Amino acid sequence: MEMNIGRLIPEFIMLGGAFVLLILEFFIPKGPRKWAGVFGICLSVVTAVVLSTQGYGSALSGLFIHDAISLYFKLLFLLVTALIFYMTILYEKNIENWRGEFYSLMLFCTVGFMFLASSSDFIGFYVSLELVAITLYILATFTREKSKSVEAGLKYIVTGALSSGFLLYGISFIYGTTGQTGFTEVAALVINNGGNGYLAIGLALTVLGLTFKVSGMPFHVWAPDIYEGSPTPITALLAAGSKAAGFVVIIRILLTALGSVRAEWLVLVSVISGASLIFGNLAAMPQKNIKRMIAYAGVGSAGYLFMAVAAASTLGTGALMYYLTTYVFAITGSFIALVIFYNSEGSYTIESLAGLARRSPLLAITIFIGFLSLAGVPPLGGFIAKFYIIAAAVQQGLWALAVIGVLMAVVAMYYFLIVIRSMYLRPAINTEKIRVDNYTRILLYGINAVTVLLGMYPGPLTDWVMAIADTLFV
Amino acid sequence: MLTLTHFLILSCILFSIGVAGVMIRRNIIIVLMSLELIFNAANISLAAFAYYLESITGTVFVVFNITVAAAEVAVGLAILVAVYRRRKTVLVDQLDEMRY
């Protein structure tokens, strides 16, 4: 029972930065805050450096754990934060009544993600989940003079609170069965005593509550509206960050705490996975708005990731981490390109992208690579990730899921190719060139290179994620 | 004599009323109240388990929940005010600018 506050230094650095920005807000006149974005990016880099020097172990009497998996996910979250801060700097001028709280709330949200990756107790997990959720509710509503943004925020908070209620009620039953809230203590008791009725209820409600964060069925209804209505950087944060944060806790709860009763959750998780895959991909087909299409595609991605969880093996968990990494690069790359496009055009519809290839070849190729990686086309990162996940499902005998996964990859090709056709084959309505500044140019080249590299040369990252996944199944 | 089952049935009834309220009612203020009901159903269940298992953790959890739920409702009401200012309505079915 020791505190080991020293292990929380990376989180404290982020938290301190968030408070500094919040306090400075009192003294600085309203207006653009590009320096705050740069400050956030620097802070993420510093935190990442400090984080990699931290030793593994637990803190706060077992509420907090730092291990290989939390290190991996925290580095991923810091990467997402840095990229999204950059995106926000580009997006700033679209927000009337700009307030600097935007940046500090994003930092609070990252702190929440980091605590989620480290949570090893239901209480700590629930509180950090709500830290993330409440900051995201505010961020989604931030452009409150826009009618769509406030509507999105309200829909988000109602569905979010409902799913939190399910989660909490489920946790109360898991606590009722075991009398413990720590993940490792619950795991030990469940192995010895097996499951019972209360545990089954608790499990079902907890899994249903968790599907909200990752926009899986049946709590996916919020995703399209909120993705469409929120400011674009927040859409990217929801797509990339929230999904990764949701899955790290799903790994911890289902594989660490309740891994020994896999038989009880396997059917539920498989049904969620299959339903998300089919619904998400089919619903994405008729969409006209790119953000909405990405939301439905994200429901489909949650299906693949749940398939990896259902496999509950080293290969499956490693594949899940690989998938999330490629997903982050694909999403942030294409969203940065979309933000630049929006700045000049003010629209997110697929038709408005017509002729983008001639107006700005770099933006077109970035969206092209990002979307093909999401669709899972070789030789891009997304292909390797989907391949590993389906291989893991086959290895564990989940044939039905594997078949649905392959079929839906074909469907995903269809709707992503509609966008690509619009960019490359349609004549442009407005032939004016779109200017991209040099920093963004370098960044987009870098993101594209990483996506291609993850597909062509997956060796090093695969070794790393498989080694991490191995530590879960000793 | 009150047993654990009585408390669990009570919490189950409250939870069901809350979920039904969120699904059925048109007024967002009632929806937020129903959400409160769901949180309190979970709190009753946690407190009952904590009492009958003679473990303090559940009670601590309840205190955390009350705090978090208060924060959540504060943000929810703030968003509701923003919605009302912009759209002049608090009825769920009139917030249909984005569909399908």
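This one's a predicted model, so the numbers in the text were calculated from it and none came from an experiment. Side chains are part of it too, since the values below use all heavy atoms of this structure and drop only hydrogens, waters and symmetry mates. Chain identifiers are assigned alphabetically (A, B, ...) following the order of the sequence lines, protein sequences preceding nucleic acid strands; residue numbering begins at 1 within each chain.
Judged by distance alone, with hydrogens and angles left aside, the side-chain atoms of A/Tyr137 form no donor-acceptor pair with the main-chain N or O of B/Glu72 at under 3.5 Å.
The nearest pair of heavy atoms linking B/Ile79 to A/Gly153 is CG2-C, 4.0 Å. Here the closest non-hydrogen pair linking A/Leu168 and B/Ala42 is CG-CB, 3.8 Å.
For A/Ala152, the parts lying near chain B are the backbone and the side chain together; criterion is any non-hydrogen pair under 4.5 Å. Heavy-atom distances place the side chain of B/Val31, and not its backbone, under 4.5 Å from chain A. With a threshold of 4.5 angstrom between heavy atoms, B/Val22 approaches chain A through side-chain atoms but not through N, CA, C or O. For chain B, the nearby part of A/Glu145 is the backbone; its heavy atoms alone come within less than 4.5 Å. Heavy atoms closer than 4.5 Å to chain B are found in the side chain of A/Tyr126, but not in its backbone. Interface residue A/Lys155: only side-chain heavy atoms are found under 4.5 Å from chain B. Of the atoms belonging to B/Leu8, heavy atoms from both backbone and side chain fall under 4.5 Å from chain A. Looking at A/Phe173, the atoms closer than 4.5 Å to chain B (heavy atoms on both sides) sit in the backbone and in the side chain alike. With a 4.5 angstrom heavy-atom cutoff, A/Ser147 touches chain B via backbone and side-chain atoms both. Heavy atoms closer than 4.5 Å to chain A are found in the side chain of B/Leu35, but not in its backbone.
Counting heavy atoms from C-beta outward, B/Arg85 and A/Val150 have side chains that stay 4.5 Å or more apart. Using a 4.5 Å heavy-atom threshold, the side chains of B/Ile38 and A/Phe166 count as separate. In this structure, B/Phe61 and A/Ile171 have side chains that are in contact, with non-hydrogen atoms separated by less than 4.5 Å. Looking at A/Glu151 and B/Arg87, their side chains come closer than 4.5 Å, going by heavy atoms from C-beta outward. At a threshold of 4.5 Å between non-hydrogen side-chain atoms, the residues A/Ser164 and B/Phe39 count as touching. Residues B/Leu46 and A/Tyr175 are in side-chain contact: their nearest non-hydrogen atoms beyond the backbone lie under 4.5 Å apart. Using a 4.5 Å heavy-atom cutoff, the side chains of A/Thr177 and B/Phe49 are not in contact.
Comparing A/Leu162, A/Thr159, A/Val127 by how many heavy-atom pairs each has under 4.5 Å with chain B, the most go to A/Leu162. Across A/Ala133, A/Gly165, A/Ser149, the residue that shares the most heavy-atom pairs under 4.5 angstrom with chain B is A/Gly165. Of the listed residues (A/Arg144, A/Lys148, A/Glu228), the one with the most heavy-atom contacts under 4.5 Å to chain B is A/Lys148. Among B/Ala50, B/Ser34, B/Ala78, the residue making the largest number of heavy-atom pairs under 4.5 Å with chain A is B/Ala50.
Taking OG of B/Ser45 as the start and CD1 of A/Ile201 as the end, the distance is 10.0 Å to the nearest 0.5 Å. Interatomic distance, CD1 of B/Ile28 versus CG of A/Leu154, reported as 4.5 Å (0.5 Å rounding). Between the OG1 atom of B/Thr57 and the CD atom of A/Glu185 there is a distance of 9.5 Å, given to the nearest 0.5 Å. Taken from OH in A/Tyr169 to CD1 in B/Ile44, the straight-line distance is 9.0 Å, to the nearest 0.5 Å.
At most 12 non-hydrogen atoms from other residues, nucleotides or ligands lie less than 6.0 angstrom from CZ of B/Phe64.
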